[in-house]
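These values consider heavy atoms only, across backbone and side chains, with no hydrogens, waters or symmetry-generated copies.
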Amino acid sequence: MFNKMVFFSQQLQLLYSAPSHHEHFQPFLERLIDDFSLSDAILHIQSHQVDFVELETVWIAGPTTAAIIEGIEQNLLDFNYFGQFMAQQPTEKVYGFMLDHGRLPDDYQNYRFAPIHKWFDQHEFIDIAGCIIQLEQCTVYFHAHRQTKNGVFSRADIAALNQLVPHLKQAFKLYFQLKSAVYSEYDYSILDLIHHPSILFHQHGEVLYANESAKQLLSIYQNITLSSSRLQLSSTEATNQLKTAIMKASLAQPGTSERSIIHLDSEQYPLTLLVMPVQHHRGARLSGAIVYFYDKESSPAANCESIALIFGLTSVEVNICELLLLGIHRNQIALELERSPHTIKDYIKSIYLKTGVNSQSELVSLLLSFPY
């Protein structure tokens, strides 16, 4: 039998411990998944600007997390008419998609909603619940999905979620007061030993540490802003792309390789970002990603000494890696090294075997993870 008193006691305990917890609101969301039979639950912070959806800090939990990240990558936030509906309603109140709005017919005259309907059905979603909380610093959004097997949200479900909203608001106020102190016990200055421009991100998208090289490089980009806790790229789309890449890297299973490369066009000159997973252990576990930055003045180059030592590559194999980084085709590499294309192909197979990759793109991203 459902014990309402125990339920709220446990939820509130998780909420009010979130501001000082190293994972913040993650345990709270994970508990919501179980208590409300959710397929996923998302909390994200957004600036007060209402003309676009830019993810700042994101917490996400549940078995359909990958589907949510896929939706963000496809820019489906722009077609979220339930979110648009919520934005027009009183804040700090939970609304149910099917209870308070209802799905638009598939033959609705505005064809723009077809992609989100396709994504919704593909992942067997049947309902959404959500609310908006306005704070002095920002806006907090909460969304949760249910799949067909668990049915739509009932009025009792929405009422129970509504009882948590004022506590969620208070917890976020405490979060903003304490968040700078949560990470202060960790010393990330080891990143300064990497001379290449690098930034360490928490899995929720917050900047944990930027080395001096990154600060100097990004300071020349007028349309990129780096603060103590946030990196805002040249566009909302690019910023969201980076956040999803960080989330994917952070969620990667140990031993797997989840790397992303992001190319930015800029008025100054192009900038390339390599996003790599990283897990930090010191008492508490912090998962996140490290992002390396490559600009026109520091074209991609392999750290030959490290690569040769770690993977046991020969000098010829290292030369081939350097040429592949420059985008040179293997036939041209054969001419450069005065060897046959077939021989170069065999060398590349040997490189793949030694480094554990399966494609040239995987090899390039691996080589870029060894900056000078």
Q: Determine, step by step, whether Arg339 and Val316 satisfy the side-chain contact (heavy atoms from CB on, under 4.5 Å) criterion, reporting the C-alpha distance in whole Å, the side-chain angles of both residues, the deciding distance to 0.1 Å, and the verdict.
A: CA-CA 11 Å; Arg339 285 173 167 79; Val316 175; 3.9 Å; yes
Q: Determine, stepwise, if the pair Leu337 / Tyr347 fulfils side-chain contact (heavy atoms from CB on, under 4.5 Å).
A: CA-CA 12 Å; Leu337 300 183; Tyr347 272 122; over 6 Å; no
Q: Take Leu363 and Ile348, measure what side-chain contact (heavy atoms from CB on, under 4.5 Å) needs, and give me the verdict at the end.
A: CA-CA 10 Å; Leu363 176 63; Ile348 293 175; 5.6 Å; no
Q: Show your reasoning for whether side-chain contact (heavy atoms from CB on, under 4.5 Å) applies to Phe201 and Val275.
A: CA-CA 10 Å; Phe201 287 86; Val275 184; over 6 Å; no
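Residues Tyr141 and Leu43 have side chains not in contact (no heavy-atom distance under 4.5 Å, counting atoms from C-beta outward). No side-chain heavy atom of Leu264 sits less than 4.5 Å from a side-chain heavy atom of Tyr221. Looking only at side-chain heavy atoms (C-beta outward), Leu104 and Phe82 stay at 4.5 Å or farther from each other. Residues His143 and Met86 meet the side-chain proximity criterion, which asks for heavy atoms closer than 4.5 Å. Within the 4.5 Å cutoff, the side chain of Asp100 has no heavy atoms near those of the Gln89 side chain. Residues His145 and Asp127 have side chains not in contact (no heavy-atom distance under 4.5 Å, counting atoms from C-beta outward). Annotation: side chain of Gln26 is in contact with side chain of Gln203 (closest heavy-atom distance under 4.5 Å). At least one side-chain heavy atom of Leu217 sits less than 4.5 Å from a side-chain heavy atom of Leu271.
Other residues, nucleotides and ligands contribute at most 12 non-hydrogen atoms within 6.0 Å of the NZ atom of Lys93. Within a 6.0 Å sphere centred on NZ of Lys215, other residues, nucleotides and ligands contribute more than 12 heavy atoms. More than 12 heavy atoms of other residues, nucleotides or ligands shown are found within 6.0 angstrom of CD on Glu92.
Looking at Arg103 and Asp121, a side-chain N of the basic residue comes within less than 4.0 Å of a carboxylate O on the acidic one, giving a salt bridge.
Side-chain contact check for Asp346 and Thr343: no donor-acceptor pair (N or O, by modelled atom type) lies under 3.5 Å. Side-chain contact annotation: Gln147 with Thr64, donor-acceptor N/O pair under 3.5 Å absent.
When every heavy atom of Ile158 is checked against every heavy atom of Ala129, the shortest pair comes out as CD1-CB, 4.0 Å. Among all heavy-atom pairs drawn from Leu233 and Ala238, the shortest one is CD1-O, 3.5 Å. Ala334 approaches Pro341 most closely through the heavy-atom pair CB-N, 3.7 Å. The shortest non-hydrogen separation linking His202 to Ile246 is O-CG2, 3.6 Å. Contact between Ile33 and Ala41 at its shortest, heavy atoms only, is CD1-N, 3.6 Å. The two residues Ser350 and Glu317 come nearest to each other via the heavy atoms OG-OE2, 2.7 Å.
Classified by interplanar angle (parallel below 30°, tilted 30° to 60°, perpendicular above 60°), the ring pair Phe125/His123 is tilted. A perpendicular orientation is assigned to the rings of His24 and Tyr175, their planes being inclined by more than 60° (bins at 30° and 60°).
Expressed to the nearest 0.5 Å, how far CG of Leu231 lies from CD1 of Ile199 amounts to 5.0 Å. Rounding to the nearest 0.5 Å places CG of Leu335 at 11.5 Å from NE2 of His329. Note that CG of Asn223 and CG of Leu218 are 10.5 Å apart. Values are rounded to the nearest 0.5 Å. Taken from CD1 in Ile60 to CZ in Phe25, the straight-line distance is 16.0 Å, to the nearest 0.5 Å. Rounded to the nearest 0.5 Å, atoms CD1 (Ile42) and CD1 (Ile68) are 4.5 Å apart. Of the inter-residue distances, the one linking Asn211 atom CG with Tyr292 atom OH reads 10.0 Å to the nearest 0.5 angstrom.
Under the salt bridge (charged side-chain N to carboxylate O under 4.0 Å, His left out) criterion, Arg230 pairs with Glu54, Glu56, sequence neighbours left out. Contacts of Glu70 classified as salt bridge (charged side-chain N to carboxylate O under 4.0 Å, His left out), with partners at least two apart in sequence or in another chain: none. For the salt bridge (charged side-chain N to carboxylate O under 4.0 Å, His left out) test, no residue two or more places apart in sequence or in another chain qualifies with Glu237.
With Trp119 contributing its side chain and Ala67 its backbone, the two residues share a donor-acceptor pair below 3.5 Å. When atom types are taken as modelled, the side chain of Lys354 and the backbone of Leu313 share no donor-acceptor pair closer than 3.5 angstrom.
The ring pair (Phe, Tyr, Trp, His ring centres under 6.0 Å) test with His101 is passed by exactly one of Tyr95, Tyr81, Phe153: Tyr81.
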